[in-house]
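Read the structure below first, then the notes.
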Amino acid sequence: MAAAATMLSIQGDWDQVLREAEGEVWVSCKIPGKPTIRGSLTSKGISSDEVPEVTASEEFVVQEVTKNRITVSCPEENISCTFLSPYASFSHIHEKNVSYLDISSGGDLGVSSSTDQTFKSVLEGHTRDVFSCKFFPSGQEVLSGGLDSLVKVWSVNDGSCLVTMKGHRGSILDIAVVADGQNVISSGQDGTARLWDSAQGACIAVVDDSYSPINAIAVAEVGNAVNLGSPKETPSSREVGTEGKLVVLAREDKSLEGVSLHSRQSVFDFDGSDAFNCCTFISSVGVLAGGLDGNIIHVDIRNPKSAVETVSWSETPVLSLVPFRDTYVASYGNGTCYIPLKGSEQVLQLTGPNRQPVFQVAAWKKLVYTCCRDGFIRKYEIPDLG
């Protein structure tokens, strides 16, 4: 179990409140094993360049303020944190909470899914809640999966459903596109991970079949970093681009397994401290996985017996992990999103949600998008991380 880190927190709408005369927001410093230090920040007005002039209660110090960024420290604990508010917020895109989103490879299109049985751009056809959606590399098609046990391919141009894939015996919990998208992978509540021909809608193979739900999957080229084995049977001619790739399975039973996509052989198996909710590659050999207990574990697939690192910024579940520049973004069930600063113990914290779960994060160049149970999609412009 990782030791919980000392963390600063701030009121989610601080940027709006502090633009008001005498506006006041709360700020706190949570220290494991000690009472939480609580204080406040107060606006004393707005400068000529529209930046709030902010003072802090005696427990805290305001180090820097801009229109959408504030850095606060707690001298007693020798800790500081920079908080970043959204560049833009979008509401009323869905009638209910926004459960997933993705950005196209060119950054010019976005797609989101919801528990209102839709995902937008307006693509309607799932009969129950839609849990996940991802662009194909071309940006012209979208892959989706949901509570109705179906995996679908959609046209971005006209919104039509091009292919429907049937075979799972329970909800689709995650999806991934392989290489250029001729093959895709899905994982489900039924404990299976399936490889599909995305053009014909046919299941090529069951990559993994276990009793435990597979909450998340991640696939990447790992080359010769580990022994991926050889197929016992000649692969189908419909199988394209699976050579050299490893698919990581994050399971409800606290296990994290790496399976060769081409040979279907298990490459590693790591036991966590709680159910795994999400996973991602941060390099060709590095995998991150987030747990129900708030832990983020870093595993090197070449030596997976023990974690390279385990961090815990929150005791609430880790809901998504996304690579970003030379670091990553992590979102949590309490509405917080952290970007760790490389080579430092400090983090950049994205604000906005008021203790509402942030289900998913997407990143493109300097931009980060989040989707939340409050129905908002938020857009952040991330400054250079030094």
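All heavy atoms count here, side chains included; hydrogens, waters and symmetry mates do not. The first residue of the sequence shown is numbered 1, and numbering continues consecutively from there.
- Linking ILVMFWY side-chain heavy atoms closer than 4.5 Å, directly or via other members, places L101 and F359 in two distinct hydrophobic clusters.
- Atom CG of N157 is surrounded by more than 12 heavy atoms from other residues, nucleotides or ligands within 6.0 Å.
- The CG atom of L162 lies 11.0 Å from the CD atom of Q140; values are rounded to the nearest 0.5 Å.
- Counting heavy atoms of neighbouring residues, nucleotides and ligands inside a 6.0 Å radius, atom CG of D49 exceeds 12 of them.
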Next on the checklist: Checking K245 against E221 for the salt bridge (charged side-chain N to carboxylate O under 4.0 Å, His left out) test, could you report, in this order, the C-alpha distance in whole Å, the side-chain angles of both residues, the deciding distance, and whether it holds?
Outcome noted: CA-CA 4 Å; K245 291 184 175 60; E221 176 83 40; 3.3 Å; yes
Next on the checklist: Applying side chain to side chain contact (heavy atoms under 4.5 Å, CB included) to T370 and F376, what does each step give before you reach the verdict?
Outcome noted: CA-CA 8 Å; T370 66; F376 279 81; over 6 Å; no
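- Of the N and O atoms on the side chains of E239 and H262, at least one donor lies less than 3.5 Å from an acceptor on the other residue.
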Next on the checklist: Go through it in stages, so that I can follow the logic: the residues are I377 and S89, the test is side chain to side chain contact (heavy atoms under 4.5 Å, CB included), and I'd like the CA-CA distance, side-chain angles, deciding distance and then a yes or no.
Outcome noted: CA-CA 6 Å; I377 292 175; S89 297; over 6 Å; no
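- Within the 3.5 Å criterion, the main-chain N or O of L228 finds a donor-acceptor partner in the side chain of S260.
- Contact annotation: the side chain of V17 approaches that of Q11 to within less than 4.5 Å [non-hydrogen atoms, C-beta and beyond].
- A 6.0 Å sphere centred on CD of E53 holds more than 12 heavy atoms belonging to other residues, nucleotides or ligands.
- There is a side-chain donor-acceptor pair under 3.5 Å between D158 and S160.
- With values rounded to the nearest 0.5 angstrom, I301 atom CD1 is found 11.0 Å from L256 atom CG.
- Using modelled atom types, one side-chain atom of Q265 and one backbone atom of S230 make a donor-acceptor pair closer than 3.5 Å.
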Checklist entry - Are R378 and D374 close enough, and set up right, to give a salt bridge (charged side-chain N to carboxylate O under 4.0 Å, His left out), and what steps lead you there? => result CA-CA 11 Å; R378 294 177 172 88; D374 62 12; 2.8 Å; yes
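- When the side chains of ILVMFWY residues are joined at heavy-atom separations under 4.5 Å, either directly or via intervening members, F268 and I282 end up in two distinct hydrophobic clusters.
- I70 has its side chain within reach of I10: a pair of non-hydrogen atoms, C-beta onward, lies under 4.5 Å apart.
- For the pair S104 (side chain) and L109 (backbone), a donor-acceptor distance under 3.5 Å is present.
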Item to check | CA sep, side-chain torsions, deciding dist, call: C278, L319, side chain to side chain contact (heavy atoms under 4.5 Å, CB included) | outcome: CA-CA 6 Å; C278 52; L319 299 183; 6.0 Å; no
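- One N or O on the side chain of S85 and one on the backbone of N68 form a donor-acceptor pair closer than 3.5 Å.
- Using modelled atom types, one finds no donor on one side chain facing an acceptor on the other under 3.5 Å when comparing H298 with T310.
- Counted by atom type alone, E141 and S138 present one or more donor-acceptor pairs between their side chains at under 3.5 Å.
- Side-chain contact between S144 and W154 is present, with heavy atoms from C-beta onward closer than 4.5 Å.
- Linking Ile, Leu, Val, Met, Phe, Trp and Tyr whenever their side-chain heavy atoms come within less than 4.5 Å puts V322 and L348 in one cluster.
- Remark: R325 CZ is packed, more than 12 non-hydrogen atoms of other residues, nucleotides or ligands lying under 6.0 Å away.
- At a threshold of 4.5 Å between non-hydrogen side-chain atoms, the residues L41 and E24 do not count as touching.
- Side-chain atoms of W364 come within 3.5 Å of backbone N or O of S105 as a donor-acceptor pair.
- Across every non-hydrogen atom of I296 and L321, the tightest pair is CD1-CD2, 3.8 Å.
- Between A193 and L249, the shortest heavy-atom contact is CB-CD2, 4.1 Å.
- The shortest heavy-atom contact between F276 and A250 is CB-CB, 3.7 Å.
- Side chain of S40 to main chain of V25: no donor-acceptor pair is present (N/O by atom type, distance under 3.5 Å, no hydrogens or angles).
- A salt bridge does not link E381 to K366: none of the charged side-chain nitrogens sits closer than 4.0 Å to a carboxylate oxygen.
- If you chain together hydrophobic residues whose side chains sit under 4.5 Å apart, V361 and I339 fall into the same group.
- For the pair F281/S283, no side-chain contact is recorded, criterion being any heavy-atom separation below 4.5 Å from C-beta on.
- Atom CG of L261 and atom CG of L246 lie 8.5 Å apart (nearest 0.5 Å).
- Between the side chains of E257 and S255, no donor-acceptor pair of N or O atoms lies under 3.5 Å.
- Salt-bridge check for K134 with D174: passed, with a basic side-chain N closer than 4.0 Å to an acidic carboxylate O.
- Using a 4.5 Å cut-off on side-chain heavy atoms (C-beta onward), R264 and K232 make no contact.
- Between the side chains of S212 and S210, no donor-acceptor pair of N or O atoms lies under 3.5 Å.
- Looking at S73 and S80, their side chains never bring a donor and an acceptor atom within 3.5 Å of each other.
- Inter-residue side-chain proximity for P323 and T280 is flagged as met; some heavy-atom pair is nearer than 4.5 Å.
- A donor-acceptor pair is defined here as one N or O able to donate and one able to accept, closer than 3.5 Å; no such pair exists between the side chain of D13 and the backbone of Q16.
- Taking all atoms of both residues into account, the shortest heavy-atom contact from R238 to I204 is O-CD1, 3.5 Å.
- Of the inter-residue distances, the one linking D293 atom CG with D274 atom CG reads 4.5 Å to the nearest 0.5 angstrom.
- Side chain to side chain, S331 and S320 meet the donor-acceptor criterion of an N or O pair below 3.5 Å.
- Going from atom CG of L18 over to atom NZ of K67 covers 15.5 Å, rounded to the nearest 0.5 Å.
- Using the six-membered ring where Trp is involved, Y332 and Y338 have ring planes that are perpendicular, over 60° apart on the 30 and 60° scheme.
- V248 and I185 fall into different hydrophobic clusters, defined by Ile, Leu, Val, Met, Phe, Trp and Tyr side-chain heavy atoms under 4.5 Å apart, directly or through other members.
- Proximity of a side-chain donor or acceptor of R38 to a complementary backbone N or O of C29 within less than 3.5 Å is not detected.
- Here the NZ-CD1 distance, from K365 to I382, works out to 15.5 Å after rounding to the nearest 0.5 Å.
- Between the D209 side chain and the T192 main chain, no donor and acceptor come within less than 3.5 Å of each other.
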Item to check | Test log, rule side chain to side chain contact (heavy atoms under 4.5 Å, CB included), inputs N334 and R355 | outcome: CA-CA 5 Å; N334 64 353; R355 302 186 183 276; 5.6 Å; no
Item to check | Stepwise salt bridge (charged side-chain N to carboxylate O under 4.0 Å, His left out) test for R251 and D208 | outcome: CA-CA 11 Å; R251 295 198 184 94; D208 185 78; 2.8 Å; yes
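- Annotation for A216 and N277: closest pair CB-O, 3.5 Å, computed over non-hydrogen atoms.
- Nearest heavy atoms, S186 versus I172: CB-CG2, 4.3 Å.
- The side-chain heavy atoms of K44 and T42, taken from C-beta on, include a pair separated by under 4.5 Å.
- With 3.5 Å as the limit, one finds a donor-acceptor pair spanning the side chains of W14 and T351.
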